[in-house]
K.L.:
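My questions all concern the structure below.
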Amino acid sequence: MEPKFQPKEIEDLIYSSWQDAGLMKADPNSSKKPFCIILPPPNANADLHLGHAMYVYEDLMIRYYRMLNYETLWLPGADHAGIETQYVFEKYLKKQGKSRFDYDRQTLFQMIWDFVMENRGKMEGQLKKLGFALDWEKKKFTLDEDIVAIVYDTFKKLFEEKLLYRDYRLVNYCTRCGTSFSDLEVVYIEKKDPLYYLKYGPFTIATVRPETKFRDTALAVNPKDRRYKKWLGKTLEIPGLLGEIKMTVIADPEVDPKFGTGIMKVTPAHDPHDFELGKKYGLPVTPIITTQGRMDFSWFLGQKNIPEKYRIRAEKYHNQKIAKARTLMVEDLKADGLLVKVDENYTHRIGTCYRDGSVIEPLPLEQWFIKVKPLVAEAKKIVQTGKIKIHPKRFQKHLITILDNFIDWNISRQIVWGIRIPAYKCQKMSNGKCQMSKGWFVSLEKPKVCSNCGAKEFEQDPDTFDTWFSSAQWPFATLMAAGKKYYDNFYPTSVMETGYDILRAWVARMIMIGYFITKKPPFKNVFLHGLIRDRQGQKMSKSKGNVVNPMEMIDKYGADALRGALIFNVKEGGDLPFSEEKVIGMRNFTNKIWNIGRFLELNSKAENRNLKQVQNSEQLNELKKELTAEKKNYIRAMNGYKFSQALGEVYEFLWHRFADYYIEELKDALQNGNIEVLDTLKEVYFENLKMLHPFLPFVTEAVWQVFKGKNDFIINSKIV
RNA sequence: GGUCGCAUAGCUCAGUUGGCUAGAGCGUUACAUUGACAUUGUAAAGGUCCCAGGUUCAAGUCCUGGUGCGACCACCA
C-alpha cells in the first residue's frame with residue numbers, strides 16, 4: 001500500500017468496477033424490501049454546482065439501506081430546464097449575431113436539442129465523479145418520448161376532471177424573455193421612481209405609470225373617504241393627453257385614503273390589483289402595452305375624426321418602449337398643465353424577471369391554469385396525517401403554510417424549449433358553433449377533427465409547459481417509464497431528498513400532482529438539505545466570485561473529502577458555510593482511514609506470531625464494548641436522519657479512540673505477533689469501514705479490497 | 001406587514017427525549033517523532049452558551065419577554 005491515499009488514481013477505476021459488477025442496478029423482482037430515491041434531475045445543459053453535491057445525502061442513504069439488505073434503486077435523470085436553457089441558448093445565438101426570431105419553431109427546437117445533448121454527458125460524468133451509486137440504465141430525460149406521453153396524459157386527465165381552465169388574466173410577463181412566469185419566478189426589488197401627481201378632472205391622482213392612464217376605466221376611492229363622497233357613482237369627463245375620457249367613480253374599501261391623494265385610477269389591463277377591482281366591478285380590460293414591451297395606440301389611431309393634435313401625439317407614442325413613452329408623455333403633461341408635482345424620492349417594490357432582471361409587466365393574456373384547490377386539500381391531508389413525513393420536522397409547518405397559500409398555477413410558457421401543450425383551438429369557436437371549453441380540446445395524438453364539433457380547422461397551442469409541470473410528475477413518471485414492475489415495486493418512493501428552497505416550487509407540486517394521478521403520495525419521506533454558503537455565510541453567486549467548483553475540490557482532495565465536508569459537523573436542513581479547509585480536514589481523515597489499513601496490513605505479514613499471548617484480553621474486551629456502543633449510536637443516528645451525528649460518531653471513534661489510543665496501546669503486542677490482537681483490530685476496523693462506506697465510498701472500498709480482494713465489494717457486506 | 005429560523009471558543013459550527021466538569025474542524029502555543037500516517041502524535045491556552053425573568057433537584061437545552069441577525073412569503077396605485 002502507498003503511504004498516502006491517492007484518490008485521483010483510483011476513484012474512476014473503482015466507480016467503473018461498481019458499474020461493471022452491476023452493483024448499482026436494482027432488481028424490480030427482488031423479494032427484499034424496496035428502498036427507492038429518485039434523483040432530483042439536474043439541468044441537462046449545465047455543469048453541476050456545489051448544491052448538487054448535496055445529493056450525497058441520497059447516495060449515503062442508498063448505500064446504507066443496501067447494506068441493511070434492502071433492494072435499492074436510485075434513479076437518475078436530467079431536466080430540460082425550459083426557460084433556463086432557452087435563455088442560455090439565446091445568449092449563445094446572440095454571440096453569433098442571431099436571435100431566436102431568425103428560426104422557425106422546429107429548427108429552433110432542434111438546435112437547442114443538439115446543444116443540450118452535446119452538454120448532457122458532462123453533468124452525468126460529474127455525478128459519477130461524486131461517487132453516486134445511480135442506476136444508469138434507468139436514466140430518464142424530461143423530454144424522452146415516454147415521459148412526454150405521461151405528461152400529456154396528466155394534462156388530459158386534469159382537463160377532463162375540470163381542474164384545468166383557460167383564462168384571460170394578468171400574467172407576469174418578461175418582455176425580454178418573451179414569456180410569462182408563475183408568481184414564484186418573480187423577484188421583487190426596491191426601486192426609486194418618480195411619483196407623478198396628475199390633474200385628473202376635479203381631482204389629483206398619484207401614479208408612477210402615467211403611460212397606462214389612457215386606458216383607465218374607473219376612479220376608485222375609499223367608501224369612508226368624505227372628500228370624495230359627492231362624486232361616488234358619477235361619471236366624469238376627464239381631460240387627458242388625447243382628449244376627454246369618460247370615467248365612473250367607484251368606492252372600494254381596499255383603497256387606502258392615506259396613499260397619495262386617496263383617489264386611485266383603475267387600470268385593469270396592467271395592474272394585478274386593478275385587475276381584481278375590474279373583475280369585481282365589471283370593468284373592461286383594455287391593454288395598451290404589447291408583449292414586446294411597447295406602447296400600442298392602434299385602438300386610438302383606428303378611430304375616425306381624431307383631432308390633429310391628438311393624432312400626432314398618439315403617433316409619437318405608438319410603438320415606443322415604455323420608458324421612452326413615459327418621458328414623452330410627462331413632457332406633454334407639463335405642456336398641458338396637467339402635471340401638478342413630481343415626487344422624485346418615491347421608492348416602491350417592483351417585480352423583476354428572475355432570469356435577466358428586467359421589469360416584469362403584468363399583461364393580460366390567455367393561458368392555461370390549474371385549479372389547485374382540490375389538489376392542495378389532498379396534499380395537505382397527506383402531510384398532516386403523516387403519510388409523508390418531513391425531515392427535519394420543522395419544515396412540515398412550512399410546507400403546510402405553502403399549501404395553504406397556493407394560488408392557481410399558470411402552466412403556459414411562451415417558449416419552444418419544452419413540452420408543447422397538446423391543446424387545440426377550434427376555429428369554429430369564433431362563430432359560435434364550437435362552444436365546448438371555449439373551443440379548446442385536448443388530444444394526445446395529432447388530431448384530425450375537433451373532438452367537440454368535428455370541425456377540421458384548428459390550431460395547436462403554441463405554448464409549452466412550465467418546466468415544473470413535468471418535474472411535478474417526476475417520481476411516478478420515471479418509474480412508470482421504467483416499467484410496470486418498477487412502478488409496482490418502488491412506488492411510492494422511500495425518500496425525496498432536495499433543498500428546502502424548492503419546497504414550494506417542486507415538493508408541494510409533486511405531492512399534488514402525484515396524488516392526483518396515482519392516488520398515492522409520491523414518496524413516504526421528504527428530507528431537506530440546506531443551502532451552501534461561503535465561509536462568511538454569504539450566498540454563492542457568480543457576481544460575488546465566491547463560487548466553488550465541486551469538480552475542482554474532487555480533483556484536489558478526492559470525492560470522499562468533499563462528501564465528508566458537506567456532512568461533517570452540520571445540522572441537517574441548516575445552511576452550511578463551505579470552506580476548503582474543511583475539505584482538507586476530511587481529506588486528512590480519509591488518509592487516516594487509509595493508513596490504519598496500511599498499518600494493519602503491514603503487521604499482518606509479521607512472521608513471528610505467538611498465539612499464546614493473551615495478556616491484552618482486557619483491553620480487547622474494552623475495545624469491543626466501545627465498538628458495540630459506537631455501532632448502536634451510529635444506527636440510531638442513521639435511522640433518525642441524523643447523518644452528521646452518525647459520521648461524527650465514527651470519526652471520533654476511529655481516529656481518536658481506535659487509532660490514537662488502542663493501536664498505540666496494543667502496538668507492541670501486535671508487533672510481537674499477537675494474533676488475537678491483530679484479528680480483533682482488523683475486525684473492529686472492518687466494522688468501521690462498513691459504517692463509513694455510505695459517506696466515504698471510495699477510500700473504504702479501496703482499503704476493503706486490499707484485505708478482501710478485488711472481487712469483494714464492501715457494499716455487499718452487511719452493517720447488521 | 002406575515003411566517004419561520006438562528007445567536008455556543010479567534011473563525012465556521014455540532015450539542016439527540018433537560019443530567020455538561022460544554023465539544024469538533026480550522027487557527028494559536030509548546031513539545032515529540034528517521035517508527036502506519038507531518039495529511040502525525042502528546043499537551044496547553046481560549047467560552048457570563050446574546051440579555052432579563054420563569055419552570056425544575058438540575059437549563060446551552062423547556063416557557064415568557066427583549067435585542068441583534070438571516071431566510072421565505074405577501075406586496076398598496
K.L.:
Check whether any side-chain N or O of A/Q671 sits under 4.0 Å from OP1 or OP2 of B/G35, and answer yes or no.
P.N.:
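The answer is no; no side-chain N or O of A/Q671 sits under 4.0 Å from OP1 or OP2.
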
K.L.:
Provide, to the nearest angstrom, the distance between the CH2 atom belonging to A/W655 and the P atom belonging to B/U40.
P.N.:
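Going from A/W655 (CH2) to B/U40 (P), I get 5 Å.
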
K.L.:
Without decimals, in angstroms, what is the distance between A/R587 CZ and B/C26 P?
P.N.:
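Value for this atom pair: 11 Å.
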
K.L.:
Do any N or O atoms from the side chain of A/N595 and from the backbone of A/N591 form a donor-acceptor pair under 3.5 angstrom?
P.N.:
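Checked: pair present.
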
K.L.:
Between protein and nucleotides 70-77 of chain B, map the contacts as a letter string: B base, S sugar-phosphate only, - none, heavy atoms under 4.0 Å, written 5' to 3'.
P.N.:
--SSBBBB

K.L.:
Considering Watson-Crick and G-U wobble pairs with both distances under 3.5 Å, what does B/A77 pair with?
P.N.:
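Looking at the geometry, B/A77 pairs with no nucleotide.
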
K.L.:
Contact class for A/Y651 (heavy atom, under 4.0 Å): base, sugar-phosphate, or nothing?
P.N.:
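Sugar-phosphate, backbone atoms only, no base.
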
K.L.:
Between B/U67 and B/C26, how far apart are the two P atoms, rounded to whole Å?
P.N.:
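The answer is 39 Å between these two P atoms.
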
K.L.:
I want to confirm an ordering. Mapping A/E572 and A/R394 to their closest nucleotides on RNA chain B, which one lands closer to the 5' end?
P.N.:
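In this pair, the answer is A/R394.
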
K.L.:
Could you tell me which nucleotide pairs with B/U3 by Watson-Crick or G-U wobble geometry, both distances under 3.5 Å, or answer none if nothing does?
P.N.:
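B/A71 - that is the nucleotide pairing with B/U3, both distances being under 3.5 Å.
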
K.L.:
Could you tell me if A/Y634 and A/Q645 have a donor-acceptor pair between their side chains, going purely by distance under 3.5 Å?
P.N.:
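Judged by distance alone, the side chains do not pair up.
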
K.L.:
State the CD1-CZ distance between A/I663 and A/F658, to the nearest 0.5 angstrom.
P.N.:
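If we round to the nearest 0.5 Å, A/I663:CD1 and A/F658:CZ are 4.5 Å apart.
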
K.L.:
Take atom C1' in B/A30 and the same atom in B/U34, then report the distance between them in whole Å.
P.N.:
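Going atom to atom, C1' in each nucleotide, I get 22 Å.
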
K.L.:
When you compare B/U12 with B/A7, how far apart are their P atoms, in angstrom units rounded to a whole number?
P.N.:
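Result for the P pair: 13 Å, nearest Å.
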
K.L.:
What contact category does A/E652 fall into here, base, sugar-phosphate, or nothing, at under 4.0 angstrom with non-hydrogen atoms?
P.N.:
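Nothing: the residue A/E652, judged by heavy atoms under 4.0 Å, touches no strand.
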
K.L.:
Heavy-atom nearest nucleotide on RNA chain B for A/I596 versus A/K571: which residue maps closer to 5'?
P.N.:
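Counting from the 5' end, the first nearest nucleotide belongs to A/K571.
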
K.L.:
Hey, does A/F5 reach any base, or is it just sugar-phosphate, or nothing, if we go heavy atoms under 4.0 Å?
P.N.:
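No contact.
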
K.L.:
Ignoring backbone atoms, test whether A/K642 places a side-chain nitrogen or oxygen under 4.0 Å from the OP1 or OP2 oxygen of B/U16.
P.N.:
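It does not, given that no N or O in the side chain of A/K642 lies less than 4.0 Å from OP1 or OP2 of B/U16.
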
K.L.:
Atom CD of A/Q645 to atom C1' of B/C13: distance rounded to whole Å?
P.N.:
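A/Q645 atom CD is separated from B/C13 atom C1' by 14 Å.
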
K.L.:
Is B/C62 paired to anything, Watson-Crick or G-U wobble with both distances less than 3.5 Å, and if yes, which nucleotide?
P.N.:
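Per the H-bond distance test, B/G54.
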
K.L.:
What is the distance from OH of A/Y641 to C1' of B/U16, rounded to the nearest Å?
P.N.:
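Those two atoms, OH and C1', are 16 Å apart.
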
K.L.:
For A/N569 and A/Y651, which I'm curious about, is there any donor-acceptor pair between the side chains at under 3.5 Å?
P.N.:
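No, A/Y651 and A/N569 have no side-chain donor paired with an acceptor closer than 3.5 Å.
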
K.L.:
Quick one: are the ring centres of A/F527 and A/F643 less than 6.0 Å apart?
P.N.:
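Under 6.0 Å, so yes.
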
K.L.:
Who does B/A43 pair with, Watson-Crick or G-U, both distances under 3.5 Å?
P.N.:
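B/U29 is the nucleotide pairing with B/A43.
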
K.L.:
Is the A/H348-A/Y346 ring centre distance short of 6.0 angstrom?
P.N.:
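Yes - the distance between ring centres of A/H348 and A/Y346 falls below the 6.0 Å cut-off.
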
K.L.:
For the P atoms, the ones on B/U55 and on B/G68, what distance do you get once it is rounded to whole angstrom?
P.N.:
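That atom pair is separated by 28 Å.
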
K.L.:
Tell me whether the guanidinium CZ or amine NZ of A/R657 lies under 6.0 angstrom from the six-membered ring centre of A/Y661 and within 45° of its axis.
P.N.:
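Yes - A/R657 lies over the ring of A/Y661, closer than 6.0 Å to its centre and within 45° of its axis.
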
K.L.:
Give the rounded distance in Å between these two atoms: CG of A/N588 and C1' of B/G41.
P.N.:
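In whole Å, B/G41 C1' and A/N588 CG are 14 Å from each other.
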
K.L.:
In whole angstrom, what separates A/Y557's OH from B/C26's P?
P.N.:
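My rounded result for the distance is 13 Å.
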
K.L.:
By the 4.0 Å heavy-atom rule, please label A/K592 as base, sugar-phosphate, or nothing.
P.N.:
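Base contact - A/K592 has a heavy atom under 4.0 Å of at least one base atom.
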
K.L.:
Run the side-chain donor-acceptor check on residues 203-213 of chain A: report pairs under 3.5 Å with partners two or more places apart or on a different chain.
P.N.:
from: A/T207; atom 1: OG1; to: A/R209; atom 2: N; distance (Å): 2.9
from: A/R209; atom 1: NE; to: A/E211; atom 2: OE2; distance (Å): 3.0
from: A/R209; atom 1: NH1; to: A/E361; atom 2: OE1; distance (Å): 3.1
from: A/R209; atom 1: NH2; to: A/E211; atom 2: OE2; distance (Å): 3.1
from: A/R209; atom 1: NH2; to: A/E361; atom 2: OE1; distance (Å): 3.1
from: A/R209; atom 1: NH2; to: A/E361; atom 2: OE2; distance (Å): 3.4
from: A/E211; atom 1: OE1; to: A/R326; atom 2: NE; distance (Å): 3.0
from: A/E211; atom 1: OE2; to: A/R326; atom 2: NH2; distance (Å): 3.0
from: A/T212; atom 1: OG1; to: A/R209; atom 2: O; distance (Å): 3.0
from: A/T212; atom 1: OG1; to: A/K265; atom 2: NZ; distance (Å): 3.0

K.L.:
If the P atom of B/U28 is compared with that of B/G10, how far apart are they to the nearest Å?
P.N.:
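The same atom, P, in both gives a distance of 15 Å.
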
K.L.:
Using a heavy-atom cut-off of under 4.0 Å over every strand shown, decide if A/H656 touches base, sugar-phosphate, or nothing.
P.N.:
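Touches sugar-phosphate only.
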
K.L.:
Can you tell me the distance, in whole Å, between the CG atom of A/N639 and the C1' atom of B/U16?
P.N.:
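After rounding, the reported distance stands at 14 Å.
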
K.L.:
Could a donor-acceptor pair under 3.5 angstrom be found where the side chain of A/E2 meets the base of B/A36?
P.N.:
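Check fails, no donor-acceptor contact within cut-off.
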
K.L.:
Using atom P in both nucleotides, what's the gap between B/C31 and B/A36 to the nearest angstrom?
P.N.:
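One P to the other, the span is 24 Å.
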
K.L.:
Watson-Crick or G-U wobble partner for B/C20, using a 3.5 Å limit on both distances?
P.N.:
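B/C20 is paired with nothing.
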
K.L.:
Can you figure out which of B/C37, B/G41, B/C26 approaches the side chain of A/D660 most closely?
P.N.:
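Nearest to the side-chain atoms of A/D660, counting from C-beta on, is B/G41.
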
K.L.:
I'd like the P distance from B/C51 over to B/U61, given in whole Å.
P.N.:
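So the two P atoms sit 10 Å from each other.
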
K.L.:
For this output row, return yes or no: ring centroids of A/F707 and A/F686 closer than 6.0 angstrom.
P.N.:
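Yes, close enough.
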
K.L.:
Could you pull out the closest heavy-atom pair between A/P268 and A/L283, with the gap in Å?
P.N.:
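Smallest interatomic distance, heavy atoms only, reads CG-CB, 4.3 Å.
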
K.L.:
Quote, to the nearest angstrom, the P distance that separates B/C76 from B/U16.
P.N.:
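After rounding to an integer number of Å, I get 43 Å for this pair.
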
K.L.:
Expressed as a whole number of angstroms, how long is the span from A/L576:CG to B/G25:P?
P.N.:
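One finds 18 Å between P of B/G25 and CG of A/L576, rounded.
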
K.L.:
Can you tell me the base-pairing partner of B/U34? Count Watson-Crick or G-U wobble geometry only, both distances below 3.5 Å, and say none if there is no partner.
P.N.:
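WC or wobble partner does not exist here.
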
